2 protein chains.
Amino acid sequence: MIPRKSKYAIQALKSLAKVYPEKGRLAIAFIADQERIPKKFLEAILLQLRNVGIVGSKMGPAGGYYLLKSPDDIALSDIIRATGGPIALLPCVSLNFYEACEDCPSEELCGLHEVLEEVREASVRILAKTSLTDLIKRESKLLKLSQSTDN
Amino acid sequence: MIPRKSKYAIQALKSLAKVYPEKGRLAIAFIADQERIPKKFLEAILLQLRNVGIVGSKMGPAGGYYLLKSPDDIALSDIIRATGGPIALLPCVSLNFYEACEDCPSEELCGLHEVLEEVREASVRILAKTSLTDLIKRESKLLKLSQSTDN
DNA sequence: CATATATTCTACTTATACGATAGGATAACA
DNA sequence: TGTTATCCTATCGTATAAGTAGAATATATG
């Protein structure tokens, strides 16, 4: 499970991606309202995303946050990792949050380790190839589909 | 991330699989010692596995736990789920621990939902096709490999 | 039947992380 | 200079994970 923080981050960045690059800037309060994210919590999240170079910010009136890279180049895996969400199922197979099992005599001889590495690779493969732009495209497809099919 | 409980469960069942079906029975204390799992904690875990029908138990001297099914038919996904470990990255894409996002207007229109479903499917595909027997086979392969290569 | 052995069951503890909030400091624009 | 927005540090409650304690129950064996 990834923390809610990661989910909020993806939602917020999706909002920013939709106005990229013109205008580009959105205020915390605006995003919080639009995406139904607690404002103060979102503030902390955006700060974190700024510290890893995903977004930039401007203070003062007409200030706000904006993407520092094209939404084509921001993958879900980047966002999840930046917000502390491990993708792996155990710390011992995590690339970014690695921690050895205290009780494990040898990682190289552990069958579970090997299997969970495969799981992680499969997960990362999907998350790393899905960009913010892809997310948005998916949603417009889903919307069209639901409109044509019925309601 | 799956809880440590799930990892312990897999280790314990691996021990039981190795003595299946002859003898078949192992005491908590024995498994705890062999796998370096806190005894009282393992006790709770095995009880849980018994309640979902993965293992059976016998009280008294020469008692202990044993597999109720062939280790060929016990998949890692079964064990993880039985011990409360969600495989999905968000509750809204979990098959066994489903919970809707409070802030989500429509799951069917959510791009993230769609992507994370793919991730879950990929993960489950691997975990469901890996049995205890497979785990053990993998480990003996890894052992042989490490012995022939060098140390 | 008594005793030793092992599981069963309930309850508790402790630590940590998640999710969220408060409030003042700082920067920028008009 | 006032207003708007981010910046920053500190705090807090709650849930869950991880592990512990101890008595009750069942069963083999002498």
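Residue numbering restarts at 1 for every chain, and letters A, B, ... go by the order of the sequence lines. Just so it is clear, the structure is predicted and the values come from calculations on it, not from any experiment.
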Chi angles and distances behind the side chain to side chain contact (heavy atoms under 4.5 Å, CB included) call for A:Leu68, A:Ile54:
CA-CA 6 Å; A:Leu68 282 178; A:Ile54 291 180; over 6 Å; no
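Side chains of B:Thr83 and B:Ile2 form no contact here, defined as non-hydrogen atoms less than 4.5 Å apart. The side-chain heavy atoms of B:Val124 and B:Arg81, taken from C-beta on, include a pair separated by under 4.5 Å.
For the residue pair A:Thr133/A:Asp72, the side-chain donor-acceptor check at 3.5 Å is satisfied. A side-chain donor from one of B:Gln34 and B:Ser15 sits under 3.5 Å from a side-chain acceptor of the other.
The OH atom of A:Tyr66 sits 14 Å away from the C1' atom of D:dA5 (whole-angstrom rounding). If you take CE of A:Met1 and P of C:dG19, they are 11 Å apart, rounded to a whole angstrom. To the nearest angstrom, C1' of D:dA28 lies 11 Å from CZ of B:Arg25. The separation between A:Phe30 atom CZ and D:dA5 atom P is 12 Å, rounded to whole Å. Rounded to whole Å, the distance from CG on A:Leu42 to P on D:dC8 is 16 Å.
Residues in residues 118-128 of chain A take part in these salt bridge (Lys or Arg N to Asp or Glu O under 4.0 Å) pairs, two or more places apart or across chains: A:Glu118-B:Arg138. Residue pairs meeting the salt bridge (Lys or Arg N to Asp or Glu O under 4.0 Å) criterion with at least one partner in residues 32-43 of chain B, sequence neighbours excluded, are B:Lys40-B:Glu43.
Applying a 4.0 Å cut-off to non-hydrogen atoms, the residues of residues 5-13 of chain B that approach DNA chain D are B:Lys5, B:Tyr8, listed by residue number. Across residues 97-107 of chain B, not one residue has a non-hydrogen atom less than 4.0 Å from an atom of DNA chain D.
A salt bridge does not link A:Asp134 with A:Lys141: every distance from a Lys NZ or Arg NE/NH1/NH2 to an Asp or Glu carboxylate oxygen is 4.0 Å or more. Under 4.0 Å is where a charged nitrogen must lie from a carboxylate oxygen, and between A:Arg4 and B:Asp103 no such pair does.
For the atom pair CG (B:Leu42) and CG (B:Leu46), the distance works out to 4.0 Å, reported to the nearest 0.5 Å.
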Base, backbone or nothing for each nucleotide of nucleotides 3-18 of chain C, written B, S, -, heavy atoms under 4.0 angstrom, 5' to 3'?
-BBSBBB---------
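For the ring pair (Phe, Tyr, Trp, His ring centres under 6.0 Å) test, residues two or more places apart in sequence or in another chain that qualify with B:Phe41 are B:Tyr8.
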